[in-house]
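See below for the structure under consideration.
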Amino acid sequence: PAAAPGAAGAAAVVAGDPAKGAEVFKKCAACHTMSGPNGIGPSLGKIVGDDVGKGRGGFAFSDALAKKGGKWDEATLDKWLANPREFAAGTKMTFAGLENAQDRADVIAYLKAN
């Protein structure tokens with residue numbers, strides 16, 4: 001089911017399934033890894049709790065994302081995954097986002113587990 005970005009919040013993460021998230025993450029794997037060096041996008045292992053747009057082994061984030069501020073928590077990840085361009089206008093990330101709230105919850109659960 002589709003839901004407004006951030007609407008599900010932490011409750012969606014509780015319902016998220018890391019195994020299903022690993023499957024959904026395959027859409028992300030063209031640019032991101034969970035470990036190892038950065039590629040087109042930053043490596044995402046242990047990203048939950050990190051500063052938005054900073055760190056990640058020196059990855060060159062867009063100014064739009066670097067200036068966003070805050071931490072990658074469940075609600076922030078939900079908004080980002082729903083629509084990266086709306087979250088940070090001017091982001092370099094070209095992925096359109098995940099419309100399905102359950103897919104986002106599953107990916108967030110996967111990110112938290114890794």
Side-chain angles (χ1 to χ4, degrees):
V13 176
V14 173
D17 180 336
K20 289 180 181 175
E23 287 300 310
V24 177
F25 187 81
K26 289 179 181 178
K27 296 177 183 181
C28 313
C31 298
H32 298 281
T33 63
M34 289 302 289
S35 62
N38 294 319
I40 294 170
S43 180
L44 299 177
K46 299 182 181 181
I47 195 162
V48 178
D50 275 6
D51 292 326
V52 173
K54 295 182 176 36
R56 305 279 97 198
F59 184 80
F61 290 96
S62 64
D63 287 341
L65 194 57
K67 292 177 183 175
K68 190 71 180 172
K71 300 276 187 189
W72 286 121
D73 59 17
E74 292 89 349
T76 304
L77 283 163
D78 186 52
K79 290 175 187 174
W80 169 257
L81 290 169
N83 190 332
R85 285 184 210 94
E86 185 176 295
F87 179 84
T91 182
K92 294 187 287 187
M93 189 158 127
T94 59
F95 185 68
L98 297 171
E99 183 177 320
N100 185 288
Q102 186 63 54
D103 284 350
R104 294 193 308 269
D106 292 341
V107 168
I108 293 166
Y110 175 67
L111 291 172
K112 286 182 73 175
N114 291 284

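Note that these values count all heavy atoms, side chains included, but never hydrogens, waters or copies made by symmetry. A quick note: this is a predicted structure, and the numbers were derived from the prediction, not measured.
Residue pairs meeting the ring pair (Phe, Tyr, Trp, His ring centres under 6.0 Å) criterion with at least one member in residues 29-57: none, sequence neighbours excluded. Annotation: salt bridge (charged side-chain N to carboxylate O under 4.0 Å, His left out) contacts involving residues 25-40, sequence neighbours excluded, comprise Glu23-Lys26. Listed by first then second residue, pairs satisfying side-chain hydrogen bond (donor to acceptor under 3.5 Å, both in side chains) with a partner in residues 37-48 read Thr33-Ser43, not counting sequence neighbours. Counting only residues at least two apart or in different chains, salt bridge (charged side-chain N to carboxylate O under 4.0 Å, His left out) contacts with residues 31-42 are absent.
Scored by the side-chain contact (heavy atoms from CB on, under 4.5 Å) test, Lys67 finds Asp63 as partners (sequence neighbours excluded). Applying the side chain to side chain donor-acceptor pair (under 3.5 Å) criterion to Asp103, with sequence neighbours excluded, gives no partner residue. With sequence neighbours excluded, no residue forms a side chain to side chain donor-acceptor pair (under 3.5 Å) with Thr91. Applying the ring pair (Phe, Tyr, Trp, His ring centres under 6.0 Å) criterion to Phe61, with sequence neighbours excluded, gives Phe59. Contacts of Lys71 classified as side-chain contact (heavy atoms from CB on, under 4.5 Å), with partners at least two apart in sequence or in another chain: Asp51. Partners of Val48 according to the side-chain contact (heavy atoms from CB on, under 4.5 Å) rule, which considers only residues two or more places apart in sequence or in another chain, are Leu77, Leu111, Lys112. With sequence neighbours left out, the side-chain contact (heavy atoms from CB on, under 4.5 Å) criterion links Ala22 to Tyr110.
Residues Phe25 and Asp106 are not in side-chain contact: their nearest non-hydrogen atoms beyond the backbone lie 4.5 Å or more apart. Taking the side chain as every heavy atom from C-beta outward, Leu65 and Phe87 approach each other to under 4.5 Å.
A distance-only check finds a donor-acceptor pair linking the side chain of Lys92 to the backbone of Ala60 [under 3.5 Å]. Checking side-chain atoms of Arg104 against main-chain N and O of Gly16 turns up no donor-acceptor pair under 3.5 Å.
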- How far apart are the C-alpha atoms of Trp80 and Val52, what are their side-chain angles, what is the distance that settles it, and do they pass the side-chain contact (heavy atoms from CB on, under 4.5 Å) test? CA-CA 10 Å; Trp80 169 257; Val52 173; over 6 Å; no
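The line from CG of Asp78 to CG of Leu98 is 9.5 Å long, rounded to the nearest 0.5 Å. Expressed to the nearest 0.5 Å, how far CG of Leu44 lies from CZ of Arg56 amounts to 6.5 Å. Atom-to-atom distance recorded for Ile40:CD1 and Met93:CE is 12.0 Å, nearest 0.5 angstrom. If you take CD on Glu74 and CG on Leu81, they are separated by 12.0 Å, rounding to the nearest 0.5 Å.
Here the closest non-hydrogen pair linking Pro84 and Gly97 is CD-CA, 3.8 Å.
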